[in-house]
Amino acid sequence: MDPELARQLFFEGATLVILGVPEGSEFGIDYNSWQVGPRFRGVKMVPPGVHFMHYNVVGKGGGLGEMSPRSSMFLYLQQRELRLFHWNPQEEEMVVAPHEEAEKLREELQSLDSFLGPYPYESMRRWVSLSNHIEKETMFRLQPTCGTIFSFPEVLPLEAMTHTADRVQHNLPRYDSVCQSYKEGMARLPQMKQKEGTEIRFSKIPAKMYPDDATPTEITQHSMDLSYALEQLLKTHYTGQPLQLLAELQFSFVCFVLGNVYEAFEQWKSLLNLLCRAETFSLQHPELYIKVISVLYHQLAQVPTDFFVDIVSQNNFLTSTLQVLFSFLCSPNANPSLRKKAIRFRAHLTKKFQWDFEEEPDDCAPLIVDLPGGWDCKENPSSQSTAS
């Protein structure tokens with residue numbers, strides 16, 4: 001690191017002090033991670049802004065040497081801030097110390113200096129490319145209310161049903177009775193829900209892709225061009241702030257890739273599906289889609305070539321999704337600047353991943369959609385569906 005930059009970060013950067021983490025655990029910030037040694041007390045010279053702290057602790061839920069599932073959290077660090085965390089072995093979680101305790105520790109910070117590792121500044125550009133749209137407000141809005149993101153969150157039964165009388169009340173057989181079928185066995189399992197406060201507060205994807213009063217023809221159109229659904233999502237969660245949708249796209253990607261949260265991967269796919277299949281919306285908002293391409297460029301640079309291939313079907317969902325996007329962004333109707341960027345991005349993906357975008361997209365095949373309730377079969381005598 002340049003000596004002048006190192007000096008500036010030393011005096012202006014933030015400091016994370018982490019106390020009590022068992023030796024052998026894994027601790028990381030952004031795209032950096034280390035194995036905790038006997039002298040580890042945290043990280044210094046952290047550039048101000050949004051960061052992602054993650055850790056796997058030795059011994060949690062198992063014997064010595066076994067790693068716990070990953071836990072993580074987004075942090076917003078200010079210039080010269082000192083953030084103090086304690087590992088709580090009873091609750092098995094990282095607990096942030098009160099501000100007063102952290103400020104008191106500041107007086108002893110010089111004695112801790114040799115126990116603090118410097119933030120690897122050379123990795124900063126990579127982190128910023130994956131998080132540049134995530135702001136402080138975005139972080140607090142999406143992060144669980146408990147403050148920690150769990151790769152395997154705790155689940156609780158909807159109802160305890162610890163006594164035989166509880167099961168009788170719900171018309172369920174006794175636990176000690178013989179199970180007669182697979183269906184009965186599944187019914188005996190308790191219904192579970194994620195512990196309140198541990199849910200990532202993602203935007204809810206619209207369940208219906210068309211207006212209530214849509215005709216069969218309009219239902220088909222809205223099922224192919226998802227502009228209406230995307231506009232509804234923006235209206236509900238990000239009115240007048242479409243860039244915040246890109247922040248959630250980055251937030252979900254980071255939670256999956258660095259936090260190992262599968263739910264975040266599903267949200268990322270759902271958001272991407274809306275963005276890539278909203279033809280009318282994309283042509284009306286070229287500046288937003290120029291940024292969408294930039295976000296995807298940096299995200300896809302972090303994954304192996306076969307990452308998105310479905311193990312069962314061997315179909316790459318991302319190839320088919322981007323194929324639809326390129327079909328209209330690379331067309332003569334698109335904004336010239338957006339079209340140029342889309343063509344270059346398509347060429348980059350073809351070269352790096354060997355993906356074929358020339359085949360006709362599946363969306364061009366006849367699309368079968370269910371009609372909403374209330375439509376008389378006389379309008380479509382053959383079935384309750386319509387094809388385009």
Side-chain angles (χ1 to χ4, degrees), residues 129-135 138 141-142 200 202-210 221-257 263-303 307-308 315-331 333-335 337-346 348-349 353 355 357 361-364 367:
S129 72
L130 295 175
S131 62
N132 61 309
H133 291 289
I134 303 175
E135 300 175 347
T138 310
R141 183 180 66 252
L142 297 175
I200 301 177
F202 287 128
S203 301
K204 187 175 181 180
I205 305 298
K208 192 166 63 173
M209 301 299 176
Y210 50 83
Q221 292 172 344
H222 287 304
S223 298
M224 296 179 68
D225 181 350
L226 303 185
S227 296
Y228 173 81
L230 178 56
E231 288 171 350
Q232 291 303 301
L233 185 146
L234 290 171
K235 182 180 178 181
T236 303
H237 299 282
Y238 301 116
T239 303
Q241 298 178 304
L243 285 180
Q244 287 302 300
L245 184 62
L246 301 190
E248 184 170 342
L249 192 69
Q250 290 184 329
F251 186 101
S252 55
F253 186 83
V254 168
C255 285
F256 173 65
V257 173
E263 176 197 0
F265 181 49
E266 290 298 317
Q267 180 72 4
W268 182 81
K269 289 200 300 182
S270 298
L271 293 176
L272 191 60
N273 184 63
L274 280 181
L275 286 165
C276 289
R277 298 178 187 273
E279 179 175 359
T280 303
F281 184 87
S282 69
L283 299 180
Q284 293 171 346
H285 300 83
E287 292 300 323
L288 174 65
Y289 272 76
I290 287 175
K291 292 182 171 63
V292 168
I293 291 175
S294 295
V295 168
L296 290 177
Y297 172 84
H298 291 295
Q299 289 182 342
L300 298 185
Q302 310 304 323
V303 297
F307 185 80
F308 298 102
N315 290 326
N316 186 327
F317 95 91
L318 192 58
T319 304
S320 57
T321 303
L322 289 176
Q323 191 174 28
V324 177
L325 179 69
F326 291 140
S327 69
F328 47 80
L329 291 193
C330 297
S331 71
N333 297 328
N335 172 276
S337 299
L338 175 58
R339 181 172 182 267
K340 180 180 179 181
K341 195 172 185 70
I343 291 174
R344 292 176 59 186
F345 183 45
R346 182 178 63 181
H348 164 75
L349 294 178
F353 294 99
W355 290 346
F357 297 107
D362 292 338
D363 294 56
C364 293
L367 179 68

Quiz item: Any side-chain heavy atom of Ser294 within less than 4.5 Å of one from Lys341?
Solution: yes
Quiz item: Which pair of heavy atoms, one from Leu329 and one from Ser282, lies closest together, and at what distance?
Solution: CD2-OG, 3.9 Å
Quiz item: Which heavy atom of Phe328 sits nearest a heavy atom of Leu283, and at what distance?
Solution: O-CD2, 4.1 Å
Exercise. Please report the C-alpha distance between Cys330 and Ile343 in whole Å, then the side-chain angles of each, then the deciding distance to 0.1 Å, and finally whether the side-chain contact (heavy atoms from CB on, under 4.5 Å) criterion is met.
Key: CA-CA 6 Å; Cys330 297; Ile343 291 174; 3.8 Å; yes
Self-check item: Over 12 foreign heavy atoms within 6.0 Å of OH, Tyr297
Solution: no
Practice problem: Check whether any side-chain heavy atom of Leu318 lies under 4.5 Å from a side-chain heavy atom of Leu300, and answer yes or no. | Solution: yes
Quiz item: Considering all heavy atoms of both residues, which atom of Leu249 and which atom of Gln299 are nearest to each other, and what is their separation?
Solution: O-NE2, 3.5 Å
Quiz item: Do Asn132 and Gln250 have side-chain N/O donor and acceptor atoms under 3.5 Å apart?
Solution: yes
Quiz item: Considering all heavy atoms of both residues, which atom of Gln244 and which atom of His133 are nearest to each other, and what is their separation?
Solution: NE2-O, 4.5 Å
Quiz item: Does the side-chain contact (heavy atoms from CB on, under 4.5 Å) test come out yes or no for Leu349 and Phe357, once each step is laid out?
Solution: CA-CA 9 Å; Leu349 294 178; Phe357 297 107; 3.9 Å; yes
Practice problem: Kindly check if the number of other-residue, nucleotide or ligand heavy atoms within 6.0 Å of NZ (Lys208) is above 12? | Solution: yes
Quiz item: Would a distance-only check, ignoring hydrogens and angles, find a side-chain to backbone donor-acceptor pair under 3.5 Å from His285 to Phe281?
Solution: yes
Exercise. Kindly say whether Ala229 contributes a backbone atom to a donor-acceptor pair with the side chain of His222 at under 3.5 angstrom?
Key: no
Quiz prompt | Reported NE2-to-CZ distance for the pair His237 and Phe202, which is rounded to 0.5 angstrom | solution = 12.0 Å
Quiz item: Hey, is the main chain of Ser203 close enough, under 3.5 Å, to the side chain of Glu248 for a donor-acceptor pair?
Solution: yes
Practice problem: Dump the intermediate steps for side-chain contact (heavy atoms from CB on, under 4.5 Å) on Tyr238 and Leu233, then the final yes or no. | Solution: CA-CA 7 Å; Tyr238 301 116; Leu233 185 146; 4.3 Å; yes
Practice problem: Quick one: pull up NE2 in His348 and CZ in Phe353 and give me the separation to the nearest 0.5 Å. | Solution: 6.5 Å
Quiz prompt | Check: Arg339 side chain, Ser331 main-chain N or O, donor-acceptor pair, under 3.5 Å | solution = yes
Practice problem: Heavy atoms only: give me the nearest Ser337-Ile290 pair and the separation to one decimal. | Solution: CB-CD1, 4.2 Å
Quiz item: Is Thr138 reaching over with its side chain to a backbone N or O of Ile134, donor-acceptor style, under 3.5 angstrom?
Solution: no
Quiz prompt | Pairwise distance CD(Glu231) to CG(Leu234) - rounded to 0.5 angstrom | solution = 8.0 Å
Quiz item: Nearest 0.5 Å, what's the CZ-CD1 distance between Arg346 and Ile293?
Solution: 11.0 Å
Practice problem: With rounding to the nearest 0.5 Å, note down the distance linking CZ in Phe256 to CD in Glu266. | Solution: 9.0 Å
Practice problem: Identify the two heavy atoms, one from Val254 and one from Leu130, that lie closest to each other, and give their separation to 0.1 Å. | Solution: CG2-O, 4.0 Å
Quiz item: Are any side-chain N or O atoms of Ser227 and backbone N or O atoms of Thr280, one a donor and one an acceptor, separated by less than 3.5 Å?
Solution: yes
Practice problem: Report yes or no: does Gln267 contribute a side-chain atom to a donor-acceptor pair with the main-chain N or O of Ser252 at less than 3.5 Å? | Solution: no
Quiz prompt | From CA spacing to verdict: side-chain contact (heavy atoms from CB on, under 4.5 Å), Trp268, Val257 | solution = CA-CA 11 Å; Trp268 182 81; Val257 173; over 6 Å; no
Exercise. Among Asp225, Thr321, Leu230, find the residue that satisfies the side-chain contact (heavy atoms from CB on, under 4.5 Å) test when tested with Arg277.
Key: Thr321
Quiz item: With no hydrogens and no angle check, is any side-chain donor or acceptor of Tyr289 less than 3.5 Å from a backbone partner on Leu275?
Solution: yes
Quiz item: Do Leu296 and Leu322 touch side chain to side chain, with heavy atoms closer than 4.5 Å?
Solution: yes
Quiz item: How many angstroms lie between CG in Leu142 and CD1 in Ile200, if you round to the nearest 0.5 Å?
Solution: 8.5 Å
